[in-house]
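Both ligands and their constituent atoms are indexed starting at 1 by order of listing. Heads up: numbering here begins at 1 and tracks the sequence.
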Amino acid sequence: MAGKTLKTEAVVLRSIRYGEADRILHLYSKTRGRIGAIAKGARKPKSRFGGRLEPFFRLDLLLHEGRSDLLTVTSVSTLDGYPRLRSSGPALNAGARACDAVLRLLDSAEPNPHAYNLLCRYLAILDDSAQERAASLETALAFRLKLALAAGFAPELATCAHCGESEHLSGFSGAAGGVVCPSCEAGSFPLSEEAHSFMVAAIGSPLAEAPQAEERALRQVERAVGETLEHHAHVQLRSAA
Ligand SMILES: [Zn+2]
């Protein structure tokens, strides 16, 4: 068989039934960013892949790279299956939205260790039953902000994204890519001080320590991140929760 072998660690973002017994996998890998792969015979009862080719599994993989766009999975071992995440409805939902955001925002074959580690960190927090706020909207939005930062699309939060003014930053413009002052507010929406502070604090804190905020402020944060990514990364994310 011509081609080469790739060994990498990766998270399964999506797993699709294919043909009679195969699976197509969307993987986010540590060393090569996004990878599409096929696992032949994965749905046969005695498949050597077992049940590990499901979303959220963090795997060590050997893949064969031939002429096709899809790599072929040749061997798999589990690094983490996040079993507690799988038994909680809110955690499953949050994990699915996180994988979907990675799928939409990071589609290149360039490795992005910040994004990879952030995804693994979030899955680990969702899997940790001691983390009561793991599946909260706050943590979901902190993940989204950090993911935007890792992908190179962090909103400008320190000064007006249009003119550089540093005071009275009471609006947010997705087109400008950040907070804006009253002179530059065309096309912006009002951003409360609470929402602004949440974004600054969430980017500056560990994911497990996302700041708290009122629902209204959090919805403004979601809109701010969403509009920034729509304008600058040309992707639309599903709602955060
Ligand atoms: Zn301005």
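Listed here is the closest heavy atom pair of Ala37 and Val73: CB-CG2, 4.0 Å.
Remark: His162 NE2 is loosely packed, at most 12 non-hydrogen atoms of other residues, nucleotides or ligands lying under 6.0 Å away.
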Inset, instruction - Test side chain to side chain contact (heavy atoms under 4.5 Å, CB included) on Lys7 and Asp60 and set out the steps. - result: CA-CA 7 Å; Lys7 179 175 166 29; Asp60 228 345; 3.8 Å; yes

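Neighbours of the Zn ion (ligand 1) restricted to protein N, O or S atoms under 2.8 Å: the count is 4.
Neither Leu59 nor Tyr116 shares a network with the other; the hydrophobic side chains, linked directly or stepwise wherever heavy atoms of I, L, V, M, F, W or Y lie under 4.5 Å apart, form separate groups for each. A single hydrophobic cluster is not seen to contain both Phe49 and Leu79; linkage of ILVMFWY side chains at heavy-atom distances under 4.5 Å, directly or through other members, places them apart.
Between the CZ atom of Arg34 and the CZ atom of Arg32 there is a distance of 13.0 Å, given to the nearest 0.5 Å.
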